[in-house]
Amino acid sequence: MSPSETKITTSKERVRPISGFPEWLPEYRLVELQWIDSFRKIFESYGFTSIEPRSIEPVEVLLKQGDTDKEIYSIGRLLNNNSDENEPSYALHYDMTVPMARYVAANINQLNFPFKRYQMQKAWRGERPQDGRFREFLQCDIDVVDTRPIPLHFDAEIPIIMHEAIESIGAGPLTTKVNNRKILEGFYSGLSISDTSNTIRIIDKLDKIGTDGVATMLSKDLKLTPPIIDMVLNFAEIKGAGHSVIDQIRDLNVKSSLLEEGINELEFVIQQLEKYKAGTFLVDMSIARGLAYYTGTVYESRFTEYPNFPTICGGGRYDNLVGDFVNKKLPGIGISIGLTRIFAKLMREGKIQANRKTPTDILVVHTQGAPYDLIKDTANILRARGFNVEQYHEDRKLKAQLKYAGEKMIPWIWFPPADRNGIHEVKNSVTRVQAISDPKTWLPG
RNA sequence: GCGGGUGUAGCUCAGGUGGUUAGAGCGCCAGAUUGUGAUUCUGGAAGCCGUGGGUUCAAGUCCCAUCACUCGCCCCA
């Protein structure tokens, strides 16, 4: 520990929130769990299976994709902190994709291909938190990895699954922009630009710094000539739905086999997507995705209502991510959904209805004078019938017990009789109607 | 990492130009109410005024530093 490190001393400091590490109250966690269940159901309905790889990876694995400036959290033990150099250094993963590739490589002989998996796990990034950006967040990924070439149909199916997932939690509408890296690289190399990856990186900033900013960077950083810059910019402006976009690219009359390949792929993908839902998927030549490993189709989705809010889904095709870990060429394609990002945004906008503070369906109150076993048996009968049942263990005045039920928004209150031969009553918390009932046969309604 | 904003009770905030023992509303707890949630009334608990230093007879208030939260840049889910 360095001497400059400050210590947390007051009790206030010990309990207060840490920026970028969100914590929800139970009523919101309940909603988040519903989202997770819903995602799981949809992913599984398309035949994706779950894995949960470890949260840490060797630092070298995480840095594999080239971006060494990634804000990753390294881990170490408090004791033994001046550890020997033999110990490898580990860090918390900052996404699911690279660790998934490592997992596939590690288990390649036991997995069946095409391997279709989903993962819903926390990821950690050290970037400065702000609206929609966290240091600890839940990410939901679906990916397909194969030992053979992956058919293009997956390029269309995967964003459709993602849209279904988002729709299932009522978080829409979304706008998804689609592009293909081969078009970008093919187009640029057709213009004899050598540094295609940096060109892509700069073009990706179009919506942030505008055409002038991009033109300046292309000129200064990459020494591109004005006519080439014009071509690049005009090209990046191309966007829209359907085939007119494809035609516009062809009309620019730049020739390269890679470009042609990319256009054909994109044409197929967008055709399929349009069949699913016209207008939701837009082709956009300014979409590149920052991550270096993408090689084909790329996607990026935002809330239609909040275009300036960061991307909530992103993904694409990578030809050789797993191949970095094993001596085989394994192509993959996938997408990830920023669940925490979506959740926090909707919460902030007041669009998340928390209508329960607990999963409890029924509170069995402690009727005055009733034998404890009778109350417990009543709760158990109801529980065995599939209800979530909570018992009020203390013989307090009813006012306090009912207040508790009200605060926790428990929908039903059960009143056991004072003795075994008495009659049960159940009360609806909302309507406040109370009626005679039997725990063996009662049905809510 | 770089800039802007903000730190007083659980929450929202008052506390002109420094001046006794730091306030309100809401919330919380208890009672009125010997057993069915509200309202009302009564009482109560709760604060190193973010932290450290400085100026002063005197600092919640002025100065410096620092930390935290927050908004933007970078980057991304």
Side-chain angles (χ1 to χ4, degrees), chain A residues 4-22 25 65 67-72 93-97 119-142 162 165-166 171 174 201 204-205 208-209 213 288-292 294 299-303 308-316 334-345 348 363 365-370 392 394-411 413-415 418 425-434:
Chain A
S4 62
E5 217 163 307
T6 53
K7 286 192 174 146
I8 289 169
T9 48
T10 66
S11 64
K12 205 172 182 178
E13 283 170 321
R14 284 195 285 267
V15 301
R16 75 172 148 215
I18 299 175
S19 178
F21 292 78
L25 287 170
Q65 54 190 88
D67 300 306
T68 47
D69 58 340
K70 282 278 180 242
E71 292 275 11
I72 64 174
H93 60 219
Y94 59 84
D95 72 1
M96 312 282 111
T97 311
Q119 242 174 286
M120 296 195 257
Q121 277 177 263
K122 289 280 175 67
W124 295 267
R125 292 182 195 174
E127 293 147 356
R128 273 266 174 282
Q130 51 189 268
D131 186 19
R133 201 171 69 195
F134 300 92
R135 290 181 153 177
E136 178 181 66
F137 55 96
L138 189 58
Q139 219 178 7
C140 307
D141 279 36
I142 49 175
M162 184 273 292
I166 301 283
L174 285 196
R201 207 198 76 238
D204 206 36
K205 298 179 190 298
K208 270 267 159 66
I209 60 177
R289 307 289 304 148
L291 296 174
Y294 293 120
Y299 327 97
E300 198 171 286
S301 306
R302 288 166 188 262
F303 286 120
N308 292 324
F309 192 70
T311 312
I312 53 177
C313 302
I335 205 161
S336 57
I337 305 176
L339 192 145
T340 304
R341 181 171 273 180
I342 299 171
F343 192 76
K345 181 61 175 177
R348 202 173 158 138
L363 176 74
V365 298
H366 196 129
T367 310
Q368 189 175 32
Y392 203 99
E394 201 183 346
D395 186 1
R396 284 182 77 196
K397 55 172 77 174
L398 262 185
K399 181 179 176 174
Q401 300 190 45
L402 292 174
K403 192 180 172 200
Y404 170 76
E407 282 166 347
K408 276 209 173 172
M409 302 187 250
I410 297 171
I413 300 156
W414 198 277
F415 298 83
E425 291 188 22
V426 62
K427 180 173 182 174
N428 181 313
S429 272
V430 179
T431 64
R432 306 208 171 193
V433 174
Q434 190 168 328

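Below, each value reflects all heavy atoms present in this structure, side chains not excepted, and no hydrogens, waters or symmetry copies. Keep in mind that what you see is a predicted model, and the values were worked out from it rather than measured.
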field: Whole-angstrom distance between B/C57 and B/G18, as gauged at atom C1'
entry: 12 Å
- request: May I have the distance from A/D131 (atom CG) to B/C69 (atom P), rounded to whole angstrom?
  value: 16 Å
message: Treating primed atoms plus P, OP1 and OP2 as sugar-phosphate and everything else as base, which nucleotides of nucleotides 29-40 of chain B get B, S or - for protein heavy atoms under 4.0 Å?
response: SS--B-BBBS--
- request: Could you tell me whether the phosphate oxygens of B/C71, OP1 or OP2, come under 4.0 Å of any side-chain nitrogen or oxygen in A/Q130?
  value: no
task: Round to a whole Å and report the spacing from CZ of A/F21 to C1' of B/U70.
output: 16 Å
- request: Check side chain to side chain donor-acceptor pair (under 3.5 Å) between A/R432 and all other residues, then give those that pass, not counting sequence neighbours.
  value: none
Stepwise side-chain contact (heavy atoms from CB on, under 4.5 Å) check, A/R348 with A/D131: CA-CA 10 Å; A/R348 202 173 158 138; A/D131 186 19; 3.3 Å; yes
Nearest-nucleotide comparison on RNA chain B, the residue closer to the 5′ end among A/P17 and A/G314: A/P17
field: From A/T311 atom OG1 to A/R302 atom CZ, the distance as rounded to the nearest 0.5 Å
entry: 4.0 Å
statement: Separation of B/A77 atom P from A/D141 atom CG, nearest Å, is 9 Å
- request: Can you tell me, in whole Å, how much space there is between the P of B/G23 and that of B/G16?
  value: 14 Å
- prompt: Is A/R348 near enough to B/C71 that one of its side-chain N or O atoms lies under 4.0 angstrom from OP1 or OP2?
  reply: yes
- prompt: Listed by chain and number, what are the ring-ring contact (aromatic ring centres under 6.0 Å, His included) partners of A/F343, not counting sequence neighbours?
  reply: A/W24, A/W35
- line: Residues at least two apart in sequence or cross-chain that pass side chain to side chain contact (heavy atoms under 4.5 Å, CB included) with A/P129, listed by chain then number, are A/S19, A/R135
task: Identify, with sequence neighbours excluded, every residue that meets side chain to side chain contact (heavy atoms under 4.5 Å, CB included) alongside A/E136.
output: A/F21, A/K122, A/W124
- prompt: With rounding to whole Å, what would you report as the distance between B/U39 and B/C26 at their P atoms?
  reply: 12 Å
- prompt: What pairs with A/D395 under salt bridge (Lys or Arg N to Asp or Glu O under 4.0 Å), at least two apart in sequence or on another chain?
  reply: none
- prompt: Can you check the A/N308 CG to B/C73 P distance for me, whole Å?
  reply: 10 Å
- prompt: What is the distance, rounded to the nearest whole Å, between atom CG of A/D95 and atom P of B/A77?
  reply: 7 Å
field: Distance between C1' atoms of B/G15 and B/U61 (Å, rounded)
entry: 9 Å
Distance, C1' atom - from B/A32 to B/C48, rounded to whole angstrom: 38 Å
message: According to side-chain hydrogen bond (donor to acceptor under 3.5 Å, both in side chains), does anything in residues 334-343 of chain A pair up with another residue at least two apart or in another chain? List the pairs.
response: none
message: Can you check the distance between B/C62 and B/C2, where both ends of the measurement are the C1' atom (answer in whole Å)?
response: 29 Å
field: Stem list, RNA chain B (Watson-Crick or G-U pairing under 3.5 Å, at least 3 consecutive pairs)
entry: B:1-7 with B:67-73, B:10-13 with B:23-26, B:28-32 with B:40-44, B:50-54 with B:62-66
message: Regarding A/C313, tell me which of base, sugar-phosphate or nothing describes its non-hydrogen contacts under 4.0 Å with the strands shown.
response: sugar-phosphate
- request: Write down the distance between CZ (A/R135) and C1' (B/U70), rounded to a whole number of angstrom.
  value: 13 Å
query: B/A77, B/C71, B/C69: which one has an atom nearest the side-chain heavy atoms of A/S19?
result: B/C69
message: Over 60° means perpendicular and under 30° means parallel, so tell me whether A/F309 and A/F303 are parallel, tilted or perpendicular.
response: tilted
- prompt: In chain order, what residues pass the side chain to side chain donor-acceptor pair (under 3.5 Å) check against A/Q139, with sequence neighbours excluded?
  reply: none
